[in-house]
Amino acid sequence: MELLPELGTFDLIFADAQGGKQVGLDLTIAALNPRGVLLVDDMAPAPGETWDAGFAARQEAVRRTLLTHDRLVAVELSHGSGVILATARP
């Protein structure tokens with residue numbers, strides 16, 4: 001995650017790992033170009049899957065951040081394991 005600020009900014013980021021999602025989410029959001037798209041999956045347990053309380057709390061913090069961040073317009077989709085699609089405001 002410490003390299004992300006050195007890599008520049010991006011039009012599309014798919015945050016598919018804990019680094020960049022549960023850890024370093026602020027860096028991920030900062031790396032989005034204006035109108036850039038951020039895709040985050042695994043935001044809900046898959047059918048039949050359970051999360052321990054700590055993991056569930058961390059995912060809920062990610063969810064709240066993405067859906068309420070003043071730099072993002074975001075929507076939560078109930079597809080698969082839960083997806084949040086966000087666009088950086090211009």
(message) Could you measure the distance from the CE atom of Met43 to the CD atom of Glu76? Nearest 0.5 Å is fine.
(response) 7.0 Å
(request) Check whether any side-chain N or O of Glu60 sits under 3.5 Å from a backbone N or O of Ala57 as a donor-acceptor pair, and report yes or no. (result) no
(request) Please report the shortest heavy-atom distance between Gly8 and Ala31, naming the atom on each side. (result) O-CB, 4.1 Å
(request) Group every Ile, Leu, Val, Met, Phe, Trp and Tyr by side-chain heavy-atom contacts under 4.5 Å, then state whether Leu39 and Leu77 land in the same group. (result) yes
(message) Distance check, rounded to the nearest 0.5 Å: Phe14 atom CZ versus Lys21 atom NZ?
(response) 7.0 Å
(message) So which atom in Ala74 and which in Ala86 form the shortest heavy-atom distance, rounded to 0.1 Å?
(response) CB-CB, 3.8 Å
(request) Look at the side-chain heavy atoms of Ile, Leu, Val, Met, Phe, Trp and Tyr, link any pair under 4.5 Å apart, and say whether Leu12 and Ile84 land in one connected group. (result) no
(request) Please report the C-alpha distance between Asp41 and Ser81 in whole Å, then the side-chain angles of each, then the deciding distance to 0.1 Å, and finally whether the side-chain hydrogen bond (donor to acceptor under 3.5 Å, both in side chains) criterion is met. (result) CA-CA 7 Å; Asp41 69 346; Ser81 62; 4.9 Å; no
(message) Tell me whether Asn33 contacts the main-chain N or O of Gly36 through its side chain, where contact means a donor paired with an acceptor under 3.5 Å.
(response) no
(request) Decide yes or no on side chain to side chain contact (heavy atoms under 4.5 Å, CB included) for Val62 and Leu25, but give the supporting numbers first. (result) CA-CA 8 Å; Val62 170; Leu25 183 58; 4.1 Å; yes
(message) So, taking the atom named CG in Asp11 and the one named OG1 in Thr87, what distance separates them when rounded to the nearest 0.5 Å?
(response) 11.0 Å
(request) Mind listing the closest non-hydrogen atom pair of Gln22 and Gln59 along with its distance? (result) NE2-OE1, 2.9 Å
(request) Starting at CZ of Arg89, measure out to CG of Leu32 and round the result to the nearest 0.5 Å. (result) 13.0 Å
(message) Less than 4.0 angstrom from a charged side-chain N to a carboxylate O is my criterion; do Asp26 and Arg71 meet it?
(response) no
(request) Could you please spell out the steps behind the side chain to side chain contact (heavy atoms under 4.5 Å, CB included) verdict for Thr28 and Leu38? (result) CA-CA 9 Å; Thr28 301; Leu38 173 60; 3.7 Å; yes
(message) Checking side-chain contact (heavy atoms from CB on, under 4.5 Å) between Leu85 and each of Leu66, Leu72, Val75, Val40, which is the one that passes?
(response) Val75
(message) Rounded at 0.5 Å granularity, tell me how far CG in Asp16 sits from CG in Asp42.
(response) 6.0 Å
